[in-house]
Amino acid sequence: MIPENLPNRSRMLAICGLGLALALIPAQGHQAVDLDAARVFQGCPAELLGAWRSSLDVRGLFRIGLTIVERTPKDFAAVIISQQGEEEVPVWHDGERLRFQSVALPIAFDGMLTPDGAWIEGFVQHGSTISHTRLGRADGSEEHTWSSDWSPLGVSLDTATHDLYIERDDDGVAGGYFFFRDQRLPALWGYGLECRDGLIRLGEKNLGLRLEGRFDPSEALLSLTARGAAGAVDLVFRRLPQDQVPQLPDAPDSPPRPDGSPAYMGQAPESLGDGWPTAEPAAVGLDVAPLGEMVRAIVDQEMTLTHSVLVARRGRLVVEEYFYGFDRDTWHDMRSASKTVTSALIGLAIDERRIESVQAPALGFFPRYRSYANWDSRKAQITVRDLLRMASGLDANDSDPRSAASEGAYQSQIAQPDWVKLALDAPMIADPGSNSLYGGANPLILGGILEAALEEPVEWFADRTLFGPLGIGEYKFILDPIGIVYMGGGLYMRPRDMAKFGQLYLDGGTWQGKRVLSEEWVRESTGKYGRLAPLDRNGHQYGYLWWHHVYRVGDRTIETIEARGAGGQYIFVVPSLELVAVITSGNYRNGRFRQPEEILERFVLPAAFRSARSP
């Protein structure tokens, strides 16, 4: 995980979901704006500084209908329906894949017919994201037709509260910071603030928003037109009085659960035919009482901003609880827990001999780079294994804002769009393999290695080898500026599917009796290879992008392996108890990003020991 107390950077004008956790907004609220300090900034009136709120037409801005029609055999067309109207575009063949791109909207599709012809499965690219999508075949149509509604949000909403903070950062540069007051929606990454000829312009990277409009000082109204995936909507922002500015800018404006919601009774999760057998907790030896205490602590907000808790034991899903409007169909940003999925993909590439071994030299995958800045012969010694251990020796320390290849450094600059090259250009500060230092540049480079080694796009490889075999059909990747899937964070998955990934490792690389990942890779990648500086505070070990931890319940000691992400995104694998737990959270700016560890230790693990009987 990335520490949450790093200073602002002049061009990182708001936070996105790439695993970055810069505290761009003060955690304890905002200071009153001194308008007399500077009447104009960046060509904008100083009256713009402060907090603003509007209601965003989410459906109109993001909901798109996609249809592919086969007019005659192998002659396809695509129909795109959005707020802007209906657009028909040709579909072209790329081998077995069907592809189309909108002229009117910033989206493109790359898909493939399933063998039975019932679906066209593929990926929609929009802005810096690429999401897995399925178009289902319509029955009774004279033409072969496949359709789906699509949105980059991963949740179905009509409107959402949308806050805009216009503030100066530590360098004196002003920017627009966007926040939804509903944590089910993606984090936003604003950039650029410009006032020219009476027009105010703002940009947002994660969802590809563009905002332009005017400020009316007499009415204190900021009127902007927002352009998104599906078209344009008009927004009217009103200034928030200082006493109404939330202490946490992304805090949800609804409680964990509505008043009067029933208490937790230890019921079995719903069986959905998604590969998860389900059962009541008591059927697998879990005491319901501590689990009920856990739910009460979340609802009472003692355990803050917890979005979901899922527990599987002995191969059955037995706890599935959601809060703050989240449900089993809602994607969740895994942040840096995504890094552990990167480890699995490297293992799968080795299993298929796309990568020879973990000893393969990293630079050998990049013949397109003719030279490197800050050349040091030790760069040629960096191996895939060093990157998996975060022991490359590069100056890639995410806890140090001065580090040349920290995640904040490459994400906040625009001069070098090739982030992999920027990372490999960083100076060496240690011998490869000598010590592990937490830096997102290491899995970033692994993503570049996958891109170079595979004969198919990384997202297709991930779907074929990992997500497809696990029955995972809803997920979204983040792309870097040159279109490579970003392996340092930002994978969106549903918690029920995150639990499948944990169960895959608990079962030694199999899912429901079928081999997905080699047992050798599971064993090797979850090994103990040393401490991970500077984030490890307890002497525990680190594997290949897996964390190790030790918990104590009474006089018992329980070892776990864990995937962890900023804000409190955890996948716990507990071999000694045959248990997997997933906890997702929104603790991005309150310092409680390790709260899932407390939930596991106080409630989940005791439930495994306090049961009166254990079948």
Side-chain angles (χ1 to χ4, degrees), residues 57-154 156 186 203-212 225-233 456-460 463-464 473-485 492:
D57 178 1
V58 173
R59 181 173 292 274
L61 201 58
F62 297 111
R63 181 65 59 180
I64 297 174
L66 301 176
T67 298
I68 295 179
V69 181
E70 187 176 22
R71 306 291 193 200
T72 59
K74 298 187 178 182
D75 178 20
F76 295 86
V79 179
I80 304 166
I81 301 175
S82 68
Q83 188 187 53
Q84 292 193 8
E86 182 174 310
E87 176 191 12
E88 182 170 323
V89 297
V91 174
W92 75 89
H93 291 266
D94 184 358
E96 296 182 351
R97 305 212 304 268
L98 302 174
R99 302 182 64 181
F100 67 82
Q101 183 168 340
S102 171
V103 176
L105 302 174
I107 65 168
F109 177 80
D110 180 5
M112 187 181 301
L113 268 168
T114 57
D116 61 3
W119 301 91
I120 296 177
E121 296 192 7
F123 296 88
V124 175
Q125 181 177 343
H126 166 253
S128 61
T129 67
I130 188 163
S131 52
H132 188 263
T133 306
R134 304 176 80 201
L135 283 69
R137 182 169 176 174
D139 295 329
S141 172
E142 293 183 2
E143 299 176 310
H144 292 170
T145 302
W146 297 262
S147 298
S148 177
D149 285 336
W150 177 84
S151 166
L153 302 180
S156 179
E204 190 283 321
K205 179 179 174 61
N206 198 21
L207 292 176
L209 292 174
R210 302 291 183 271
L211 294 93
E212 180 178 286
T225 297
R227 301 186 184 279
V233 299
E456 59 194 316
V458 173
E459 65 271 17
W460 281 99
D463 188 67
R464 177 176 62 81
E474 298 288 335
Y475 57 92
K476 179 174 73 172
F477 285 110
I478 300 294
L479 302 175
D480 75 7
I482 63 172
I484 296 176
V485 172
Y492 286 71

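Residue indices begin at 1 and follow the sequence shown. Computed from heavy atoms alone, side chains included, the values below leave out hydrogens, waters and symmetry copies.
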Inset, instruction - Show your reasoning for whether side-chain contact (heavy atoms from CB on, under 4.5 Å) applies to Thr129 and Leu207. - result: CA-CA 8 Å; Thr129 67; Leu207 292 176; 5.9 Å; no
Legend entry - Distance flag, aromatic centroids of Phe76 and His93, threshold under 6.0 Å: yes
Inset, instruction - Would you sort out whether Glu474 and Ser131 count as a side-chain contact (heavy atoms from CB on, under 4.5 Å), showing the intermediate values? - result: CA-CA 8 Å; Glu474 298 288 335; Ser131 52; over 6 Å; no
Enter the distance from [X]:[atom1] to [Y]:[atom2] here, rounded to the nearest 0.5 Å.
| X | Y | atom1 | atom2 | result |
| --- | --- | --- | --- | --- |
| Ser147 | Leu66 | OG | CG | 8.5 Å |
| Glu88 | Ile81 | CD | CD1 | 10.5 Å |
| Gln101 | Gln125 | CD | CD | 8.5 Å |
| Leu105 | Arg227 | CG | CZ | 11.5 Å |
| Ile484 | Ile478 | CD1 | CD1 | 14.5 Å |
| Glu456 | Asp463 | CD | CG | 9.5 Å |

Inset, instruction - Starting from the C-alpha separation in whole Å, work towards a yes-or-no answer on side-chain contact (heavy atoms from CB on, under 4.5 Å) for Arg63 and Ser156. - result: CA-CA 9 Å; Arg63 181 65 59 180; Ser156 179; 3.8 Å; yes
Sub-3.5 Å donor-acceptor pair from the side chain of [X] to the main-chain atoms of [Y], do we have one?
| X | Y | result |
| --- | --- | --- |
| Trp146 | Gly117 | yes |
| His126 | Ile107 | no |
| Arg210 | Glu204 | yes |
| Glu70 | Lys74 | yes |
| Glu86 | Val79 | no |
| Lys476 | Pro152 | yes |

Inset, instruction - For the pair Glu459 and Arg97, find out whether any cationic side-chain nitrogen is under 4.0 Å from an anionic carboxylate oxygen. - result: no
Of all the heavy-atom pairs spanning [X] and [Y], show the shortest one and how long it is.
| X | Y | value |
| --- | --- | --- |
| Thr133 | Ser148 | CG2-OG, 4.3 Å |
| Gly127 | Leu479 | O-CD1, 4.5 Å |
| Leu113 | Ile120 | CD2-CG1, 3.6 Å |
| Ser128 | Lys205 | OG-O, 3.6 Å |
| Val89 | Val103 | CG1-N, 4.4 Å |
| Leu209 | Gly228 | CD2-CA, 4.0 Å |

Legend entry - Derivation and outcome, side-chain contact (heavy atoms from CB on, under 4.5 Å), residues Asp110 and Arg99: CA-CA 5 Å; Asp110 180 5; Arg99 302 182 64 181; 3.5 Å; yes
Legend entry - Passing option when His132 is tested against Trp119, Phe109, Phe123, Trp150 for ring pair (Phe, Tyr, Trp, His ring centres under 6.0 Å): Phe123
